Amino acid sequence: MSIQKTPERNSILFVWLNNYAGILLKTPTKTLAIDPVDVKAKNFKNIDAILITHEHYDHLDPPLITEIQKTTDCVVIADVASAKKLQLAIPQKKLHVIKPGMEIKIGEVTVKAEKSNHPAQAPVTYIITSEDQIKVYHTADSLPFPELAKMAQKESFDVVFCTVGIAPGASPQTGFEIAWLTKPEIAVPYHTATVASQKEFGEMLKKELPRTACLIPEQNKIYQVSKRK
Ligand SMILES: [Zn+2]
């Protein structure tokens, strides 16, 4: 999966890649793949960075990452546990370990790690700020946690990806609670194999959080999100 076109100014493009938290994100200058699994490495030709949130099989596929890294020479940003599993395969100067509170620049794009409420070894969530200051929050498999509200006040998110299934404890309700706490312009339900759970999430949003738009993505389709003027 690659995104041929370049987003306009003040926009980003994204593609949902699998039943989990796999996202391809393109800003005007950079392309990031987050938690790519169940995809073909050869379809990823222009990647600047791969971001990994935690070591579970549905988020981390070391051979796949090794292959993408080799063909694109991208950097790999990973939580402590995932980085350990990648360190023999990825050149040292290309592998960056990240912990909650840390920030890494990819050109003009900023990647900041925050905590994740998920039973993995050292899981993180990612706030990605584009060169136009579009704020995307990839919450990986996280369940809601109270600090999200404060974080959201500080960041004012444009897009938040919300897990609505598959992960332990995750449901449309917990996904909705993430949206409720973060109050983005657009909330995107993912990490599920059923459209029904995405729609259930959408219904809750419409009723309880009408100012946040719900974007129900289909896999492998390109979506553009623009900053509200
Ligand atoms: Zn997962």
Side-chain angles (χ1 to χ4, degrees), residues 1 14-25 32-41 44 47 49-66 68 76-86 97-100 111-128 136-145 147-148 151 157 159-179 181-182 184 187-202 214-221 223:
M1 186 68 225
F14 80 84
V15 175
W16 182 33
L17 299 171
N18 52 30
N19 285 346
Y20 313 109
I23 297 290
L24 186 66
L25 184 72
L32 283 59
I34 308 159
D35 286 355
V37 303
D38 290 354
V39 294
K40 291 199 171 73
F44 292 77
I47 299 284
I50 298 174
L51 277 49
I52 304 297
T53 63
H54 63 291
E55 76 283 10
H56 293 162
Y57 76 96
D58 56 329
H59 298 261
L60 173 67
D61 178 346
L64 174 76
I65 292 170
T66 306
I68 298 175
V76 178
I77 299 172
D79 64 282
V80 176
S82 303
K84 231 174 237 163
K85 296 192 176 188
L86 293 167
V97 183
I98 200 162
K99 294 176 186 171
V111 173
K112 185 177 188 207
E114 291 286 353
K115 77 172 234 186
S116 171
N117 178 12
H118 181 63
Q121 284 183 47
V124 296
T125 55
Y126 286 114
I127 299 173
I128 298 138
V136 178
Y137 189 22
H138 185 281
T139 65
D141 285 11
S142 187
L143 294 174
F145 54 92
E147 297 93 316
L148 285 173
M151 197 194 299
F157 294 121
V159 186
V160 175
F161 289 94
C162 306
T163 287
V164 297
I166 302 174
S171 65
Q173 177 67 37
T174 60
F176 165 74
E177 284 165 25
I178 288 181
L181 288 163
T182 55
V188 182
Y190 73 164
H191 211 285
T192 178
T194 72
V195 179
S197 58
Q198 293 177 303
K199 286 193 172 150
E200 201 180 325
F201 170 92
C214 179
L215 192 169
I216 295 181
E218 280 174 45
Q219 288 177 23
N220 300 316
K221 270 184 74 173
Y223 296 91

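Every number for a ligand or one of its atoms is a count from 1 in the order of the listing. What you see is a predicted model; the values in this text were computed from it and never measured.
Between the side chain of Asp35 and the backbone N or O of Thr53, at least one donor-acceptor pair lies under 3.5 Å.
His59 lies close to the Zn ion (ligand 1), since one of its N, O or S atoms is found at a distance under 2.8 Å. Taking backbone and side chain together, Asp35 holds no N, O or S atom under 2.8 Å from the Zn ion (ligand 1). The distance from the Zn ion (ligand 1) to the nearest N/O/S atom of His118 is not under 2.8 Å.
Side-chain contact of Ser142 with Thr125: a donor-acceptor pair under 3.5 Å is absent, judged by distance alone.
When the N, O or S atoms of His191 are ranked by distance to the Zn ion (ligand 1), NE2 comes first. Distances from the Zn ion (ligand 1) to the N/O/S atoms of Asp141 are shortest for OD2. The N, O or S atom of Asp58 lying closest to the Zn ion (ligand 1) is OD2.
For residues 112-121, the salt bridge (charged side-chain N to carboxylate O under 4.0 Å, His left out) pairs, not counting sequence neighbours, are Lys112-Glu114, Lys115-Glu147.
When every heavy atom of Thr139 is checked against every heavy atom of Phe161, the shortest pair comes out as OG1-O, 2.5 Å.
For Ala120, the side chain to side chain contact (heavy atoms under 4.5 Å, CB included) partners are His54, Glu55, His56, His118, Pro123, not counting sequence neighbours.
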